[in-house]
Structure formats: structure tokens, C-alpha cells
2 protein chains.
Amino acid sequence: MTVRVVIVDDQALVRAGFRMVLDSQPDLEVVGEAIDGADALRVLDRVEADVVVMDLRMPTMDGVEATRRICARATGGRPRVLVLTTFDTEADAFAALRAGASAFLLKNVPPEELLAAIRVVAEGDSVVAPSITRRLLDRFAGQLGPGPTEDPRLAQLTEREREVLLLVAQGLSNAEIAARVHVAEATVKTHVGRILAKLQLRDRVQAVVLAYESGLVTPGG
Amino acid sequence: MTVRVVIVDDQALVRAGFRMVLDSQPDLEVVGEAIDGADALRVLDRVEADVVVMDLRMPTMDGVEATRRICARATGGRPRVLVLTTFDTEADAFAALRAGASAFLLKNVPPEELLAAIRVVAEGDSVVAPSITRRLLDRFAGQLGPGPTEDPRLAQLTEREREVLLLVAQGLSNAEIAARVHVAEATVKTHVGRILAKLQLRDRVQAVVLAYESGLVTPGG
DNA sequence: GGATCAATGTGATCTGGGTCACATCCAGCG
DNA sequence: CGCTGGATGTGACCCAGATCACATTGATCC
């Protein structure tokens, strides 16, 4: 199964170089090129791609904005964006990753590493330059709690209750939840009541807080 | 300048293999071996090391605990710990990184990648396996940077209102907020009302959701 | 001064949401 | 079978919370 790649960079020489490197690989296929962010969006309207290799510094629409838009309209997680830039700055990297990039590499990596990274990204995983990885860890290692160890209290909930809790955590009223689940509003109320009792909470507001704090729901997700 | 490495793994065959690979490099030197976490601490009492290559699953003291202790007593960021394990689980990886590991790799990486990772770690940077990097980004990408996407509606809030919103987002009732801010409950109610009006929300539940989604408050933070 | 506007504070009123009591359904078990 | 227990569903009651109308303070401008 070949990986379809689109190259986005404002310098023709760089694009030609990347294309040369990628085309030398039997499992990679360059299906398009773009000279800036706006152009990239047009190209992606025409062709199906698995991975977009994106430069950051570009005229008209920079790589971060382009990445944000590509990820916003991505369906089924495709295409994924691999950002490749010259400048090793935390601001650029974090902005790109926040915008949805699946990978962040510096242009000084050896070609084999770029090729490996493209394959990794196509598989759905991620690669980040070592200097940026260190900064990521510096910032977030402390928050790596017991990991996916969900609040044990959540385990007490039945399937239905968990379903209702998710809707509560989206800000829906009991009536809206009732409509969504095809049940009487009174029923939703008892479900919520049971949820609060099991989780030892006072009201739905605290339920929402717990949902976020426990990782049952995550911002943006 | 050579990088001094200590290998920690309970299987003699694995240690021998690693030593063989590392010794083939002129810039790397294996200065010690240990068969478990406790042993590693003893070895590090005797020798100076730049990088510890650490297995996770070991008897007596596992790699996570050993990593924690090594990092706790590390001086000037030395030695750094590179965790190398067979199992690609989020729980193991996050636990190791939280304990202070500078790198997390799977044992199925090609030897060159391990060598490159050791050099990267010795330089003070970090490497994380792609599958784990993806999970890291899934969890933290939303928290990166100030985020140009901070909901502009939040800017309309006055200082007092923002203060109240923060308390609402912790699950406090109007009465509790009133006590905290030294105001009548009725006052808190109007503040909340104004907040809802400005943010175009229906009730405090949606306010909590917005607070989390906009990054005004973050889980754990 | 006085006129205006935003921020803040308070009480009165009405409704969504939480609590309680109870019914139904189904699985497991003696 | 009948019994028990958990999950689910429903209606009635009451209060926290949302809405409204209004007072006070202080800054700004003519």
C-alpha cells in the first residue's frame, strides 16, 4: 500500500529535492506540490493524500494556519500533517502541534529519518524532533498521572449512566438529553441523580468538572 | 568526548547484546551493568555515567522506581535515563516519563536508532517512541501555547465576572461562591447571569464546558 | 455641576433540576 | 417456580439557580 504525499514549500529547489528523495522509494508517491498554505488547500481539494509535508515559513498563508485548516477538514484522520522547518523554536513547534500536526521535524534531519517519519505518520503515529520532545516532557511529564487510570468511581456507572454523563458534560439540559436518548425527562433526572449519588457529587456542574478532570472527556476531543 | 553508559536489564543475554552494539561505537563506552533497579543504584554509586539504558520489567525493583530514584539524586542532569522496553503500553510509558526518563523506546527499534537515541539523550534532548508520542500529543496538544484560539467572548468579561466564572468552573454553588467572595448570594446570581448573557450560554453547566474547552481552566491545572 | 455609562451589589419571582417513592423488566439462584 | 437484586423508566414535590427590576458607586466627558 503506497503512501500518497503532498509537498508544501515555497522554495522550488526544496520541493524538487524532497520529490527526488521520496520518489526513490517504491512505497511513497508524491501526488502534489504547493507553494504556500492557500495553494495547499486547493491542491488537497483535487487529490487524495495520506501525508502532507509542510514547511512553516511561507508567504500568504503560513504553515500553522494551513495545518489548522487541513486538520479541521480532515476526514477519518486524513491527511495527516508532517511539519518540516528550519527553525528549532519552541513557539513554532508548539503552535504547529497545537494546530493538529502529527509530526514536527527539523530540515537538518538525514533523509532516511524523514522517510521513516512519513511512514510513521501514515500509520497514524507521531514523531517530534528531540529538542522539542524534551521541551514537551519538561512541560508535561508532571501531568502524566497514573495514565489512563480513570477515576475508579467512574467504574461504578452503568452503560446508560455513562452515556447520560457524557451528554451532561456537553452542557445539555435534561430535556435535551431525554430527546437524544428517547426517554422521558423524568427518567433522565433519575439517571443524573444516580450518577451524582455514585460519584458522591452534589449537582451536574460538579459532574462536568469530574468528567473533565478524570479524562472521561477532554477539551477539544 | 565519549558517552559513558550503564546498562540495566535482568537478562544477561540482552545486556551482552547491548554491550556488543555499544562497544562497536568509538564514542560510546559501557561503564557498568546492573541486573535490576537496586543493583543499578549500587553501580551508579561506583561509576560516573551519562546515560542509563533501563529495562522496565525487572524483579526486586522495577525500572520506573529505579528511574525515579536515579533522577531524584541526579546532579547537573546526570545521568539521564533512557527506558527501553518490550511492551508498547501507555501506562508503562507515561509512568516512566513521569518518573523522569529522558527517552522511551521499544526494544524492537533497529540498533542505529538506539545508538542515535543514546547520543541525543547525552546531549540533553529527548526521544519517545512514535506510538507514545502520538498519545502524548493527543493528550496535550490542546494545552500547547497561549493558543490564538482563546474564545474572544471571554474577553468581554470583567475581572469580577472572570473570577466568579473560575469558581463556577470548580463546581461551587452560588452560596459557596458568595462566601468565598464575601458578597450576597443574590449578587453572585446576577454575576453568573451576566456571564451567561455575555457568553451566550444557557446555564452554568455550559459555562463550565466553555471554561474547559476554551482553556480558561485545564484538567489537573 | 450634571449627564452618561459600566461595574457591582441586592431582593423578588419563576423554572429547571435534584430528590423521593414506586413500577417494570431481566438475570441469576435456591 | 418464586425470590432477589440490579438496571431502567416514570410522576410528584421542593429548592437551587436563572431572570428581572432596581440601587449604588465611580470614571469619563461636556
Side-chain angles (χ1 to χ4, degrees), chain A residues 149-219, chain B residues 150-217 219:
Chain A
T149 308
E150 264 188 1
D151 194 312
R153 285 179 291 176
L154 288 178
Q156 306 172 32
L157 299 183
T158 69
E159 200 48 47
R160 198 63 151 169
E161 288 163 353
R162 191 187 259 76
E163 183 183 2
V164 170
L165 175 54
L166 278 173
L167 296 173
V168 169
Q170 324 224 339
L172 300 195
S173 70
N174 287 334
E176 288 167 337
I177 295 174
R180 189 80 70 93
V181 189
H182 304 298
V183 187
E185 183 178 343
T187 306
V188 176
K189 290 186 178 184
T190 35
H191 280 310
V192 173
R194 280 191 248 276
I195 292 170
L196 299 181
K198 287 186 180 178
L199 303 184
Q200 307 178 93
L201 303 173
R202 184 181 44 197
D203 53 35
R204 63 206 289 116
V205 179
Q206 297 189 335
V208 175
V209 174
L210 180 71
Y212 274 101
E213 294 295 333
S214 72
L216 182 67
V217 302
T218 55
Chain B
E150 221 209 36
D151 200 310
R153 287 179 290 177
L154 286 177
Q156 303 173 24
L157 299 183
T158 70
E159 201 46 49
R160 199 61 152 169
E161 288 164 352
R162 190 182 266 86
E163 182 183 2
V164 170
L165 175 54
L166 276 171
L167 295 173
V168 168
Q170 323 224 340
L172 301 195
S173 70
N174 287 335
E176 288 166 338
I177 295 174
R180 189 81 70 92
V181 189
H182 304 297
V183 191
E185 182 178 345
T187 305
V188 176
K189 289 186 178 183
T190 35
H191 280 310
V192 173
R194 279 190 249 276
I195 292 170
L196 299 181
K198 286 185 180 178
L199 304 184
Q200 305 178 91
L201 303 173
R202 184 182 42 196
D203 52 35
R204 62 206 292 115
V205 180
Q206 297 189 335
V208 175
V209 174
L210 181 72
Y212 274 101
E213 294 295 333
S214 71
L216 183 68
V217 302

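Letters A, B, ... are given to chains in the order of the sequence lines, protein chains preceding strands, and every chain is numbered from 1.
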Round to the nearest Å and state the distance from A/E161 atom CD to D/dA7 atom C1'.
8 Å
Euclidean distance, atom CD1 of residue A/I177 to atom C1' of D/dT8 [Å, nearest integer]:
16 Å
Just the rounded figure in Å: distance from C1' of C/dG18 to CZ of A/R202.
12 Å
Send over the distance from B/E159 CD to C/dA6 P, rounded to a whole Å.
18 Å
Integer-rounded Å distance: D/dT19 C1' and B/I195 CD1:
15 Å
Would you classify B/S173 as touching base, sugar-phosphate or nothing, given that sugar-phosphate means primed atoms plus P, OP1 and OP2, and contacts are heavy atoms under 4.0 Å?
sugar-phosphate
4.5 Å side-chain heavy-atom contact, B/V217 and A/Y212:
no
Sidechain N-carboxylate O distance under 4.0 Å for A/E163, A/R180:
no
Looking at every strand, decide which applies to B/R204 at a 4.0 Å heavy-atom threshold: base, sugar-phosphate, or nothing.
sugar-phosphate
When you measure from the side-chain N and O atoms of B/T187 to the phosphate of C/dT10, is any distance below 4.0 Å, counting only OP1 and OP2?
yes
Check: A/R204 side chain, A/A169 main-chain N or O, donor-acceptor pair, under 3.5 Å
no
Considering only D/dA18, C/dG9, D/dG11, which nucleotide approaches the side chain of B/V192 most closely?
D/dA18
Does A/R194 or A/A175 map to a spot on DNA chain C nearer the 5' end, using the closest nucleotide for each?
A/A175
Tell me whether the OP1 or OP2 atom of C/dT8 has a side-chain N or O from B/T158 closer than 4.0 Å.
yes
To the nearest Å, how far apart are A/K189 NZ and C/dA21 C1'?
15 Å
Would you say A/R160 places a side-chain N or O within less than 4.0 Å of OP1 or OP2 belonging to D/dG9?
yes
Could you please name the option among D/dG9, D/dG17, C/dT10 that lies closest to any side-chain atom of B/A186?
C/dT10
Donor-acceptor contact below 3.5 Å, side chain A/S214 vs main chain A/L210:
yes
With a 3.5 Å distance limit and no angle check, can you tell me whether B/K198 reaches the backbone of B/Q156 through a side-chain donor-acceptor pair?
yes
Look at B/H191 and C/dG9 and indicate whether a side-chain polar atom (N or O) is within less than 4.0 Å of OP1 or OP2.
yes
Check the distance between D/dG17's P and B/N174's CG and give it to me in whole angstrom.
5 Å
Picking from D/dA18, D/dG17, C/dT10, which would you name as closest to the side chain of B/D203?
D/dA18
Distance in angstrom units between A/E163 CD and D/dA7 C1', rounded
13 Å
